[in-house]
There are 2 protein chains.
Amino acid sequence: MSDDEHEAKPVRDRSQVTIIDIARMAEVSKKTVSRVINESPLVREETRKKVKQIIAETGFTPNPQARALAFRKSFLIGLVYDNPSPQYVVNMQRGILDTLGDTAFQLVLRPCDRGEEGYRERVRSFILQHKPHGIILTPSVSEDEELAEILREEECDYVRIASLELDIPSRSIRTHDAQGAEMAAAHLAQLGHKRIGHIHGPKTFRSAHERLTGFKRGLEGYGLELAPELTVEGAYTFDSGVTSATRLLNRHDRPTAIFAGNDEMAVGVYVAARKAGLRIPEDLSIVGFDDTPISARIWPPLTTVRSPIREVGRAAADLLVKRGAGSDGSQELQSFQLELVVRESTRTI
Amino acid sequence: MSDDEHEAKPVRDRSQVTIIDIARMAEVSKKTVSRVINESPLVREETRKKVKQIIAETGFTPNPQARALAFRKSFLIGLVYDNPSPQYVVNMQRGILDTLGDTAFQLVLRPCDRGEEGYRERVRSFILQHKPHGIILTPSVSEDEELAEILREEECDYVRIASLELDIPSRSIRTHDAQGAEMAAAHLAQLGHKRIGHIHGPKTFRSAHERLTGFKRGLEGYGLELAPELTVEGAYTFDSGVTSATRLLNRHDRPTAIFAGNDEMAVGVYVAARKAGLRIPEDLSIVGFDDTPISARIWPPLTTVRSPIREVGRAAADLLVKRGAGSDGSQELQSFQLELVVRESTRTI
DNA sequence: CTGAAAGCGCTTACAG
DNA sequence: CTGAAAGCGCTTACAG
């Protein structure tokens, strides 16, 4: 590291414009510039205009590190996730980035493992150290009440994405998974299926329960029942889909249709069906959940329940970023409807 | 979580421990503590030990915002990518996060679009504003020499991941794509295929060129040639895979095997084959590239060239984080070999 | 090897 | 509505 040397070097023309320069040019104090930046109403309209113009002319951008230090809060938005489906995660990221765009806010990735000991404390350290502007929690970590309690304790803003109402409206985004599963059930029932299997997600995911419940309710609407022996638990992973489906398809009274709790597992069902020598959809109809990219790429294209993951991500980031801009007290809970996307993996029996 | 109760709890003062507290406790100056934190060699061993111990006891972590402001450099690692394959991106993220772990460094996502005007300036603003510790560039943005020039200009450290040698060793990670494609060619040739089609990626990706070249070379080794009419350009996307394959398969002299430039397109070939009523691998053998998760999930499982994306991500982050820790001058260029993963989508003709 | 001073570029609290 | 002072928690540059 050579340190010395240096003659009258243009002394870092790279020197960015700072709030001081703006203040000087606008003939006001730093504080007033700061007020304009932070959209304080306590600035005369005329003054504001003048400052804003100079900011625009110089292309000045306030230094986020300095602001973070003074605010005791950074411009990071943390995405805390433990979702085993990579497609879900990518879509979520896209949505959040749609909102963040070129704002000063940055998306920071914080994968975690609910099974791992001390995972909550790891999140806490992140918060304590980096003082993020907010945290977005996806299922299933979003369902962890103790984690939410930690966030409140540390006064970290957050939004929980879940298939049920877990928190106050301004901190929740809800997806109507049960309703989505109900549509899946109706679809299969209408096609004439009676022996229907279901592979649900792990019990640690509330979505698994919601989807199961909704599916049952949907079948009941058609006078059908979900046989307990045809209801098995998967892990929301591809492998678990293969294993669970294999079990179902090896039965002498195998189902004519299987509803998988997510697309990853549904794709596993495809493989199990192939290995069992069954044709899709001639011998077996399959319905998935999420409408992640793979569902349209696989053959035959998968009928699935579309969960607007990307939009949900956008909305979640919006909630965090626009805080205070509007009312946040008596806000209504934002929720997203799902829809059934009928493709070619389902057919009349 | 019961919170209160327990007596004289060290009142984990919401007021965090600062460098001043440590200095006071160790009976040294702030500066000395700072030196210990930054591993300066200019500290007496005894002093260092003492300070380190107190840091450990108090659980002190230096405030990254303050350090960033003083250093004029943040603790963010930016991932700049324009790769259209979500699977590639997820794997890359995983690798980087493996290295970053619980360090102070955070992974920040910066997707971009090389086609969009002003995309380079957008990266520049990010750097100017956030002063990231370093940037990781994946193909094809990694191949943009003008972008690299901007990074150097702004004195931002970076690592370019590419299928060829683009930069100095300490700023490059190389994958041997040509060699991988050669293996794919050999595999198909050994199976007896003679009419072989290839769908390569877009010309803006050097990897597309490398893979094409390697594939040709591989065929030549077996006295085969890649017919120009069976060589088409895709976009590394699923849809382009379907379209390109459809074109190839509609020919009267259709190929008996297709090598796709990446897995996304290979999956598209599956769909085109199905639509054309061709069985895989009985009527058509398919080879992909990357070994992303989908290749093992699809039926029949895809034979593909394994690109160690996750390891590459780990290595790239390592390069950025460990800078200075060792020699960085006469370093050797890190490169990764690929391997052929033979699954069930290829068969003797 | 160690430290006192000044500064990074903003904001909070406090006055007016 | 506006500003001067102090401070956020570190590091740089300069002394010793």
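These numbers come from a predicted model, not from an experiment. Chain A is the first sequence line, chain B the second, and so forth, proteins listed ahead of strands; every chain is numbered from 1.
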Under 4.0 Å between a side-chain N or O of [X] and OP1 or OP2 of [N]?
| X | N | result |
| --- | --- | --- |
| A:Ser29 | D:dT2 | no |
| B:Thr18 | D:dG9 | no |
| A:Thr32 | D:dT2 | no |

Among pairs that include at least one residue of [range], which meet salt bridge (Lys or Arg N to Asp or Glu O under 4.0 Å), considering only residues two or more places apart or in two chains?
| range | answer |
| --- | --- |
| residues 121-130 of chain B | A:Asp102-B:Arg122, B:Glu116-B:Arg122, B:Glu121-B:Arg124, B:Arg124-B:Glu153, B:Arg124-B:Glu154 |
| residues 36-46 of chain B | B:Arg44-B:Glu46, B:Glu45-B:Arg48 |
| residues 88-101 of chain A | A:Asp98-A:Arg310, A:Asp98-A:Arg314 |
| residues 18-33 of chain A | A:Asp21-A:Arg24, A:Glu27-A:Lys50 |

Residues that B:Glu117 engages under salt bridge (charged side-chain N to carboxylate O under 4.0 Å, His left out), provided they are two or more places apart: none

With sequence neighbours excluded, tell me which residues meet side-chain hydrogen bond (donor to acceptor under 3.5 Å, both in side chains) with A:Asp167. A:Tyr158, A:Arg160

Set of side-chain hydrogen bond (donor to acceptor under 3.5 Å, both in side chains) partners for B:Arg174, sequence neighbours left out: none

How is the base pairing of DNA chain C summarised as a dot-bracket string, given the Watson-Crick and G-U wobble criteria with both distances under 3.5 Å, [ ] for crossing and | for another strand? |||.||||||||.|||

In residues 42-60 of chain A, what residues come within less than 4.0 Å of DNA chain D, judged by heavy atoms? A:Leu42, A:Val43, A:Arg44, A:Thr47

Every protein N/O within reach of nucleotides 11-14 of chain C N/O, cut-off under 3.5 Å:
| residue | atom | partner | partner atom | Å |
| --- | --- | --- | --- | --- |
| C:dT11 | OP1 | A:Asn38 | OD1 | 3.4 |
| C:dT11 | OP1 | A:Asn38 | ND2 | 2.7 |
| C:dT11 | OP1 | A:Arg67 | NE | 3.2 |
| C:dT11 | OP2 | A:Ser34 | OG | 2.4 |

Sorted by chain and number, sequence neighbours left out, ring-ring contact (aromatic ring centres under 6.0 Å, His included) with A:Phe75 holds for A:Phe105

Could you pull out all residues at least two apart from A:Asp144 that satisfy side chain to side chain contact (heavy atoms under 4.5 Å, CB included)? A:Arg114, A:Tyr119, A:Arg120, A:Glu146, A:Leu147

Determine, for B:Glu155 against B:Arg72, whether the closest basic-nitrogen to carboxylate-oxygen distance falls under 4.0 angstrom. no

